[in-house]
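Worksheet: the structure to be examined is printed underneath.
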Protein chains: 2
Amino acid sequence: MAHSDQYIDKLRKSGLRPTKQRIKICEVLFDAEKTFHFTIKELVKIIENQANIKVSLATVYNTVHAFIRKGYLKEIPLNASQSYFDTNVTHHHHFFDEEENKLIDIHQDDVDEVNIKRTIPGKKIRSVEVIAKIVSDNQSQK
Amino acid sequence: MAHSDQYIDKLRKSGLRPTKQRIKICEVLFDAEKTFHFTIKELVKIIENQANIKVSLATVYNTVHAFIRKGYLKEIPLNASQSYFDTNVTHHHHFFDEEENKLIDIHQDDVDEVNIKRTIPGKKIRSVEVIAKIVSDNQSQK
DNA sequence: ATAATACATTATATTTATTCTAAACTGTTG
DNA sequence: CAACAGTTTAGAATAAATATAATGTATTAT
């Protein structure tokens with residue numbers, strides 16, 4: 001199966017051996033029809049539901065972080081109590097609904113390129129993220 | 001003292017009675033010559049150093065969050081283990097140095113206005129933040 | 001193959017930021 | 001000064017994330 005080879009490749013490039021558990025994590029993350037957002041807890045739950053193998057929290061944490069280091073996943077900058085991740089690593093941004101604690105993608109085409117004119121000596125920009133916080137639009141309240 | 005009146009006003013508008021502890025918090029936050037970034041832990045440490053009164057963690061958390069609700073402070077969206085806050089509530093953005101865990105302001109003039117063309121029905125945008133993550137620029141490594 | 005070695009997985013414990021709680025305290029009002 | 005509403009506080013509770021150490025699994029060289 002071609003997919004499986006891709007996963008093994010991703011794992012090897014992340015410095016991880018391709019094991020049953022890690023391949024299962026890859027399947028959930030990269031087999032989905034659409035990209036999606038998730039927390040570690042949600043990811044564990046998905047794996048539990050669709051797999052007959054058990055994967056521990058520690059393995060999920062380690063694997064997700066290895067993928068982030070490598071750029072196969074993105075962490076979404078948010079002040080939530082848990083970390084949110086994204087399988088969509090292309091250039092795009094997010095709405096965060098503060099009332100429902102929900103993330104919504106903003107397609108790259110819907111935001112003009114963010115052009116930062118200032119630079120920091122000796123540093124380069126690794127990523128630029130736009131977070132637009134949204135709330136209910138009740139004209140009544142201020 | 002004029003300052004003190006401002007603090008009492010801010011506290012009242014945030015739905016809090018002006019008490020010794022809360023006024024001390026205001027002094028540290030709003031008396032500074034320049035705006036600054038802080039974590040709760042850092043704020044507590046500053047208060048301990050320059051005040052002769054004791055303020056508990058709980059009071060600091062409650063007061064800071066009341067000010068954020070009211071817009072007197074901003075929370076900076078970041079996936080750090082602790083929350084970062086900003087006494088600068090004007091429209092501006094941030095670099096986050098991932099290696100030194102340091103925040104650097106980006107002046108509004110240094111970023112073109114972020115114009116989001118997409119809207120969500122029934123929702124309005126409450127804030128737009130740009131986070132640019134930076135790392136050392138070693139040409140040698142990829 | 002098999003032994004030796006290196007890496008993985010797991011359950012559990014630990015750490016740490018944040019929130020909750022209940023008791024003691026303060027200040028205001030009748 | 002008694003009653004009351006709101007505050008402060010220390011410490012407990014919660015929960016995410018990380019570390020640990022024992023056990024399990026894969027790989028390598030012989």
Side-chain angles (χ1 to χ4, degrees), chain A residues 4 7-28 37-48 51-70 73-85 98 101 103, chain B residues 4 7-8 10-28 37-48 51-69 73 75-86 98 101 103:
Chain A
S4 186
Y7 303 154
I8 291 171
D9 188 54
K10 275 196 160 93
L11 287 167
R12 287 241 162 84
K13 284 189 177 154
S14 305
L16 299 173
R17 281 199 198 156
T19 64
K20 264 203 305 288
Q21 288 84 351
R22 288 170 180 163
I23 288 172
K24 184 68 220 172
I25 293 171
C26 286
E27 283 172 18
V28 171
H37 309 126
F38 63 95
T39 64
I40 294 288
K41 235 170 91 181
E42 286 166 358
L43 180 54
V44 169
K45 204 174 265 177
I46 296 170
I47 293 170
E48 275 173 2
N52 38 0
I53 61 171
K54 176 93 185 46
V55 181
S56 74
L57 254 187
T59 300
V60 175
Y61 271 106
N62 294 339
T63 307
V64 165
H65 283 127
F67 284 159
I68 284 174
R69 256 176 267 125
K70 200 65 194 169
L73 293 174
K74 265 204 316 196
E75 187 165 10
I76 301 167
L78 272 185
N79 287 114
S81 54
Q82 343 168 47
S83 297
Y84 282 79
F85 305 93
E98 291 192 311
N101 261 50
L103 276 166
Chain B
S4 187
Y7 303 154
I8 289 170
K10 275 199 162 90
L11 287 166
R12 288 241 162 83
K13 284 189 176 154
S14 306
L16 299 174
R17 281 199 195 156
T19 64
K20 264 204 306 288
Q21 287 84 349
R22 288 171 179 161
I23 287 172
K24 184 68 221 169
I25 293 171
C26 287
E27 282 173 18
V28 170
H37 309 127
F38 64 94
T39 65
I40 295 287
K41 236 169 90 182
E42 287 166 359
L43 180 53
V44 169
K45 203 174 267 177
I46 296 169
I47 293 171
E48 274 174 2
N52 38 358
I53 59 171
K54 175 92 186 49
V55 181
S56 74
L57 255 188
T59 299
V60 175
Y61 270 105
N62 294 339
T63 308
V64 165
H65 282 130
F67 284 158
I68 283 173
R69 255 175 267 126
L73 292 175
E75 187 166 10
I76 301 167
L78 271 185
N79 287 113
S81 55
Q82 346 169 45
S83 297
Y84 281 78
F85 305 94
D86 200 339
E98 293 192 310
N101 261 49
L103 277 164

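Numbers restart at 1 for each chain; the letters A, B, ... are given by sequence-line order, proteins then strands.
The interatomic distance linking B:N62 (CG) with C:dA17 (C1') rounds to 15 Å, in whole Å. Straight-line distance from the NZ atom of B:K54 to the P atom of C:dT26: 15 Å, rounded to whole Å. Between the CD atom of B:Q82 and the C1' atom of C:dT16 there is a distance of 9 Å, rounded to whole Å. Distance, B:L11 CG to D:dT8 P: 9 Å, rounded to whole Å. As rounded to whole Å, 11 Å separates atom C1' of C:dT9 from atom CD1 of A:I25. Rounding to whole angstrom units, CD1 of residue A:I23 and P of C:dA8 are separated by 13 Å. In this structure, CZ of A:F85 is placed 12 Å from P of D:dA16, rounded to the nearest angstrom. Spacing between atom CG of B:N101 and atom P of C:dA17 amounts to 12 Å, rounded to whole angstrom units.
Residue B:Q21 has a polar side-chain atom (N or O) positioned under 4.0 Å from OP1 or OP2 of D:dT9. Here B:S83 reaches the OP1 or OP2 of C:dT18: one of its side-chain N or O atoms lies under 4.0 Å away. When the side-chain nitrogen and oxygen atoms of B:H65 are compared with OP1 and OP2 of C:dT19, one or more of them lie within a distance under 4.0 Å. Side-chain N/O atoms of A:R17 include none lying less than 4.0 angstrom from OP1 or OP2 on D:dT25. Contact annotation: B:K41 does not reach the phosphate of C:dT18 (side-chain N/O to OP1 or OP2, under 4.0 Å).
Nearest to the side-chain atoms of A:Y61 among the listed nucleotides C:dT18, D:dA17, D:dG6 stands D:dA17. For B:I40, whose side chain is taken as the heavy atoms from C-beta onward, the closest listed nucleotide among D:dT8, C:dT18, D:dA19 is C:dT18.
When each of B:N62, B:I25, B:T59, B:L11 is checked for a side-chain contact (heavy atoms from CB on, under 4.5 Å) with B:L16, only B:L11 meets the rule.
Considering all non-hydrogen atoms of both residues, B:F38 and B:D86 come closest at CE2-N, 4.3 Å. When all heavy atoms of A:Y84 and A:A80 are compared, the closest pair comes out as CE1-CB, 3.8 Å.
The pair A:E27-A:K24 meets the salt-bridge criterion, with a side-chain N (NZ, NE, NH1 or NH2) lying under 4.0 Å from an Asp/Glu carboxylate O.
Position along DNA chain C of the nearest nucleotide to B:S81 versus A:T19 favours A:T19 as the more 5'-ward residue.
Nucleic acid contact for B:T39: none, since no nucleic acid atom lies under 4.0 Å from a heavy atom of the residue. Looking at heavy-atom distances under 4.0 Å, A:T59 makes contact with a base.
A heavy-atom distance below 4.5 Å is not found between the side chains of A:V44 and A:V55.
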